[in-house]
Amino acid sequence: MFSRRSLWLSPVVALIVLASCGAELTRIHAAPAPTARTATAPKPVAAQRRPAAAPNAGSAASSPSETPDPGEQSDLGRAVARCEQWVRGRGGRASIAVVDVGSGRILAAAEKDQALNPASNAKLLTTVVALDKLGPGYRFTTGLYGELNEGSVDALVLRGDGDPSLRSEDLGELAEKLVLLGVEQVGKLWVDQSRFDEQFVPPAFEQQPQEWAAFRAPVSAVAVERNAISMHVLPRRPGQPARVWFHPPALVQSLGEVKTTPRGTGQKLTLSVSARGSSMLARVGGRIAEGLPEQRFTRRVEDPRLLPGLVLRYELKIRGVKVNEQPELGGDGITRALALHRSAPLGILSYELGKNSDNFTAEMLLKTLGGKFKGTPARSADGAAVISDWLRQHGLLTPSTRITNGSGLFDANRISALALARLLALAYKEPRIAPEFLAELAVGGVDGTLQSRFQGAAVRGRIRAKTGTLATTDALSGYVMAPGGRMPIAVSILVNGIAEHRAVREHVDQVVQAVAAGLWQGPGP
């Protein structure tokens with residue numbers, strides 16, 4: 001929810017070109033949390049000295065206190081002030097909000113309404129709205145369609161509705177189902193991408209057109225292996241060529257070789273990929289030392305539309321099915337289902353957004369929202385409108401809010417820390433989505449993008465949050481969990497304009513640790 005960058009070759013020249021429903025909630029409302037957290041009021045942090053009435057159910061705009069008492073100079077208040085002052089001193093901007101989930105009260109804040117670039121914290125919006133409107137049990141469907149006549153399918157159509165998790169193995173299972181139906185020959189092989197529009201480059205991704213890392217992969221209604229290809233290199237004995245292969249299979253023809261060198265000599269690999277009809281030609285070279293583990297390098301494709309058709313053709317042929325022609329785009333009029341694949345539930349797929357901050361899944365979900373609630377073909381702009389509508393409905397949309405893409409990559413979105421903290425509070429109180437949403441967030445000191453942060457005994461395992469990182473942006477939004485089954489504290493900190501990531505995170509983490517110190521006294525559980 002952060003840009004995950006694949007390993008880089010050194011040097012690398014990567015030019016990859018391919019030729020050729022769940023019920024909708026009308027409003028999130030106040031309700032018991034996923035566990036018995038409503039039994040006891042949250043233990044106040046130092047900044048909270050007066051009780052406050054609970055907010056109206058589901059309405060962020062009706063919170064009892066929009067501004068903390070400036071006279072309350074708690075440890076938390078001082079930590080927030082130090083963070084904001086340090087950011088301003090470095091020429092940056094910060095928006096900070098600390099909100100009691102139970103009461104809705106703002107415990108501490110600085111420039112809380114200032115809308116900034118949230119980086120991958122934008123994935124919090126995508127996740128919450130998708131879980132709310134589609135439902136945690138929503139599954140994507142990818143299928144093969146056509147008419148079977150005495151072992152032959154004259155026109156076989158591969159069609160999907162935006163599954164971000166589709167793998168080559170899944171297409172292999174579909175091919176196997178055809179074989180079990182008695183299919184021996186396929187005439188035309190169509191790939192129906194009509195559920196999404198033809199703008200497969202997500203919004204703002206055009207800002208770095210020469211970035212070939214997989215985190216910038218395009219999106220399509222039928223997408224396999226996240227619309228990326230991987231080169232695998234495994235050394236052998238010194239003097240022998242290393243084993244080199246590509247995945248998905250049968251898509252890339254490889255020229256050249258990688259030499260295996262003696263132990264301790266490291267590696268230096270080269271890769272150049274270009275179009276070759278409907279497949280790709282890869283030129284590889286360099287060296288890798290004996291004993292090194294398998295190396296994997298992943299790059300996005302340029303045009304993803306025919307990629308799943310090429311993979312399906314391969315899977316059919318290795319099972320003995322004769323395929324007469326190369327895949328083409330089309331086939332939207334053929335509707336008889338021959339074999340179907342269902343994805344894992346959305347509540348499981350959302351782990352990629354929270355713990356791994358996967359941009360591809362976020363942008364696929366954004367288009368899915370657009371298609372489901374604004375009409376097909378699905379458009380990213382329509383998905384962004386669905387999120388904006390949801391924010392407006394729950395009192396979180398301000399004139400300075402801007403939703404452009406679903407991943408937060410590049411210079412695309414604007415939102416305030418207070419809006420994110422309020423969103424977190426709403427999500428936590430909605431039992432229909434809270435368990436899945438809480439589970440998909442990274443756990444401080446334990447997993448995901450927070451594995452190396454919050455490792456101290458006082459905070460490890462007690463922070464559940466989403467990170468965000470761009471060149472001059474750092475963000476962290478999530479929960480500080482409370483003891484004794486109490487409701488947590490929601491924290492959102494957005495910092496723009498500073499490239500000193502380590503220093504920014506130290507100040508951000510000090511705010512979170514001050515929240516934890518106010519909640520937890522004595523040894524942890």
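From a predicted model like this one, the values you see are computed outputs, not experimental measurements.
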Looking only at atom types and distance, does a side-chain atom of [X] sit under 3.5 Å from a main-chain N or O of [Y], one as donor and one as acceptor?
X      : Y      : value
Ser95  : Glu111 : yes
Arg226 : Pro218 : no
Thr404 : Ala412 : yes
Glu225 : Arg167 : no
Thr376 : Ala378 : no
Thr127 : Leu124 : no
Glu440 : Gly354 : yes
Tyr479 : Arg462 : no
Gln208 : Glu206 : no
Ser350 : Gly347 : yes

Heavy-atom pair with the smallest gap, counting every atom of [X] and [Y]:
X      : Y      : answer
Glu173 : His341 : OE1-ND1, 4.4 Å
Ala516 : Val459 : CB-CG1, 3.8 Å
Ser168 : Pro248 : OG-CB, 3.6 Å
Val80  : Ala108 : CG2-CB, 3.8 Å
Ala289 : Arg263 : CB-CA, 4.4 Å
Glu84  : Ala110 : CG-CB, 3.7 Å

[X] [atom1] to [Y] [atom2] distance, which is reported to the nearest 0.5 Å:
X      : Y      : atom1 : atom2 : answer
Lys355 : Leu441 : NZ    : CG    : 7.0 Å
Ser388 : Leu397 : OG    : CG    : 5.5 Å
Phe373 : Trp390 : CZ    : CH2   : 13.0 Å
Ile415 : Ser400 : CD1   : OG    : 9.0 Å
Ser452 : Asp447 : OG    : CG    : 11.5 Å

For this session: With salt bridge (charged side-chain N to carboxylate O under 4.0 Å, His left out) as the test, would you mind laying out the steps for Asp358 and Lys123 before giving the verdict?
Result: CA-CA 9 Å; Asp358 183 65; Lys123 294 184 178 75; over 6 Å; no
For this session: Please lay out, stage by stage, how Glu363 and Lys367 fare under the test salt bridge (charged side-chain N to carboxylate O under 4.0 Å, His left out).
Result: CA-CA 6 Å; Glu363 299 302 342; Lys367 275 207 168 180; over 6 Å; no
Problem set entry | Candidates Asp197, Asp382, Asp389 - the one meeting salt bridge (charged side-chain N to carboxylate O under 4.0 Å, His left out) with Lys374 | Asp389
Does one side chain, of [X] or [Y], offer a donor that lies under 3.5 Å from an acceptor on the other?
X      : Y      : answer
Ser230 : Thr298 : yes
Arg216 : Ser407 : no
Asn413 : Asn117 : no
Thr141 : Asp161 : no
Asp113 : Thr398 : no

Problem set entry | Of Leu450, Thr449, Val491, Val504, the residue whose pairing with Leu476 passes side-chain contact (heavy atoms from CB on, under 4.5 Å) | Leu450
Exercise. Do you know which of Val87, Leu470, Thr473 makes side-chain contact (heavy atoms from CB on, under 4.5 Å) with Asn496?
Worked result: Thr473
Exercise. Can you list the steps and then say if Arg402 with Asp411 is a salt bridge (charged side-chain N to carboxylate O under 4.0 Å, His left out)?
Worked result: CA-CA 11 Å; Arg402 187 174 83 210; Asp411 186 11; 3.8 Å; yes
For this session: Please work out which of the three classes, parallel, tilted or perpendicular, describes the rings of Phe215 and Phe410, given edges at 30° and 60°.
Result: tilted
Problem set entry | salt bridge (charged side-chain N to carboxylate O under 4.0 Å, His left out) between Asp474 and Arg502, intermediate numbers included | CA-CA 10 Å; Asp474 279 281; Arg502 183 173 179 178; over 6 Å; no
Exercise. Between Ile498 and Thr472, is any pair of side-chain heavy atoms under 4.5 Å apart?
Worked result: no
Exercise. Are the side chains of Lys112 and Ile96 in touch, meaning some heavy atoms are under 4.5 Å apart?
Worked result: no
Problem set entry | Arg299 NZ/CZ over Trp212 ring centroid, <6.0 Å and within 45° of normal | no
For this session: Give the C-alpha distance, both sets of side-chain angles, the deciding distance and a yes or no for side-chain hydrogen bond (donor to acceptor under 3.5 Å, both in side chains) between Ser220 and Asn227.
Result: CA-CA 8 Å; Ser220 51; Asn227 283 337; 3.2 Å; yes
